[in-house]
Amino acid sequence: MRRKLLPWAACALLLYLLALRNLHRPPTPAGRPAARFWKAPCPLRSLWSQDLLERQRRRRSVSRDRAPGCGPDRQVESRVADFQQLPQAVKDFLLYRRCRHFPRLLEPRGVCGRGLRLLIAIKSTASSFVRRQAIRQSWGGLGRASGVGLVFLLGVEEEADGHPGLAAQLACESRRYGDLLQWAFRDTFLNLTLKEVLFLPWLGRRCPGARFIFKGDDDVFVNTERLLDYLDGPEPGASPGPALHRSPDLFLGDAIFGAKPCRNPRLKYYVPGAFYNGPYPPYAGGAGVLYAGRLARRLERAARALPLFPIDDVFTGMCLRRLGLAPTAHAGFRSFGINESQRWEPCAYRRLLMVHGRSPQEVVLLWRMLHQGNLTCG
Ligand SMILES: *[C@@H]1O[C@H](CO)[C@@H](O)[C@H](O)[C@H]1NC(C)=O
Ligand SMILES: *[C@@H]1O[C@H](CO)[C@@H](O)[C@H](O)[C@H]1NC(C)=O
Ligand SMILES: *[C@@H]1O[C@H](CO)[C@@H](O)[C@H](O)[C@H]1NC(C)=O
């Protein structure tokens, strides 16, 4: 008789303990998923921190991200204060922030392979034909003979945005140049992080031998030869010592330290406090950065562990911080351009690596001016 009672007693005790735990649980605020954060000593205020915790708790969430036709997260409407007042782009980001796997629509051909010293990956948009053409005809066009590869990273621009026939034009461009890498997500500013999150695994699988990566915008001028010289040897006049460009941690750019989120809803960099609070980690302006191919693998793993953040260069900064790294500032990276009085002075560009904010016409002309045999700089 006693033996039969024992399991029942154990069961009852367990039920009692469970009930007790529920009684002592603080009431959950509306919309917060219950029982998820009861271990946190203080409530996490920002959605990003909650997402981070959730992502770490469930390592398998990757398979959930992969769900085809990833839908909106409607819970966010009640989890973020004043959600309905947010700008539409921010709402879109928050609703779809968990969707990070998208099929490839166009793939480059013959870009990668043996002896690739530098892979240039340019964030472009489908309709920016002219900018891509200018880059191919100038600083991006050195070609495989110089060990340089070029790919353009694209999402999908909606035809409704006034570009009928865009897909057909792109397919033709892709057949002709074989340098387009396109995924099936809406190409918007707050979706730029997807280009990083999707490019890194592509790079690891298709271009594992690339020694260095330059990743930037399609309105930059790059002094490609100078960049290659930099990668080949120590800077002229640099003191002897471990050369940075040989480091597997190389991440170079216009580094920004101690930045804070922009809280002005009218600006495109706006990030609501309910989504993220606290300062940004050190990061390098996304107009153009240079990093070691070996770092790309580690960045990929770090990116997988972090929730998406809508500003792509800050997101990369977060990945670096997760790896215990920070970008290195290099004066040759000019995210904010150069002195206006020198805009057309080719000699001003000779020692620079990257200058942001140049039109396609300027890019082509500057490149020509820099390569005229008679160029003499003081
Ligand atoms: C990002 O792309 C996805 C997939 O196309 C889309 O649902 C979402 O609205 C986009 N987000 C933004 C901020 O545009
Ligand atoms: C730009 O160059 C001009 C003349 O070369 C100089 O007077 C001016 O101070 C410079 N401006 C800045 C912001 O460096
Ligand atoms: C260099 O040569 C080109 C023509 O080849 C000419 O148009 C240009 O003015 C010359 N520049 C200088 C600084 O002499």
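Just follow the structure's listing: the first ligand is 1, and inside any ligand the first atom is 1. All values derive from a computational prediction rather than experimental measurement. Residue numbers start at 1 and run along the sequence shown.
Arg97 forms no cation-pi arrangement with Phe93, by the criterion of a distance under 6.0 Å to the ring centre and an angle within 45° of the ring axis.
For a heavy-atom separation below 4.0 Å, the residues in contact with ligand 1 are Ala89, Asp92, Phe93, Tyr96, Phe102, Phe185, Arg186, Thr188, Leu190, Asn191.
Here Val156 sits in one hydrophobic cluster together with Leu105; the rule is ILVMFWY side chains under 4.5 Å apart, joined directly or through other members.
In this pair, Trp183 and Phe185 present their aromatic rings parallel. The plane angle is below 30°, not in the 30 to 60° band.
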Task: Derivation and outcome, salt bridge (Lys or Arg N to Asp or Glu O under 4.0 Å), residues Arg136 and Asp179 - done: CA-CA 10 Å; Arg136 288 183 189 114; Asp179 57 8; 2.8 Å; yes
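Counting heavy atoms of neighbouring residues, nucleotides and ligands inside a 6.0 Å radius, atom OH of Tyr269 does not exceed 12 of them. Counting non-hydrogen atoms of other residues, nucleotides and ligands closer than 6.0 Å to CZ of Phe257 gives a total above 12.
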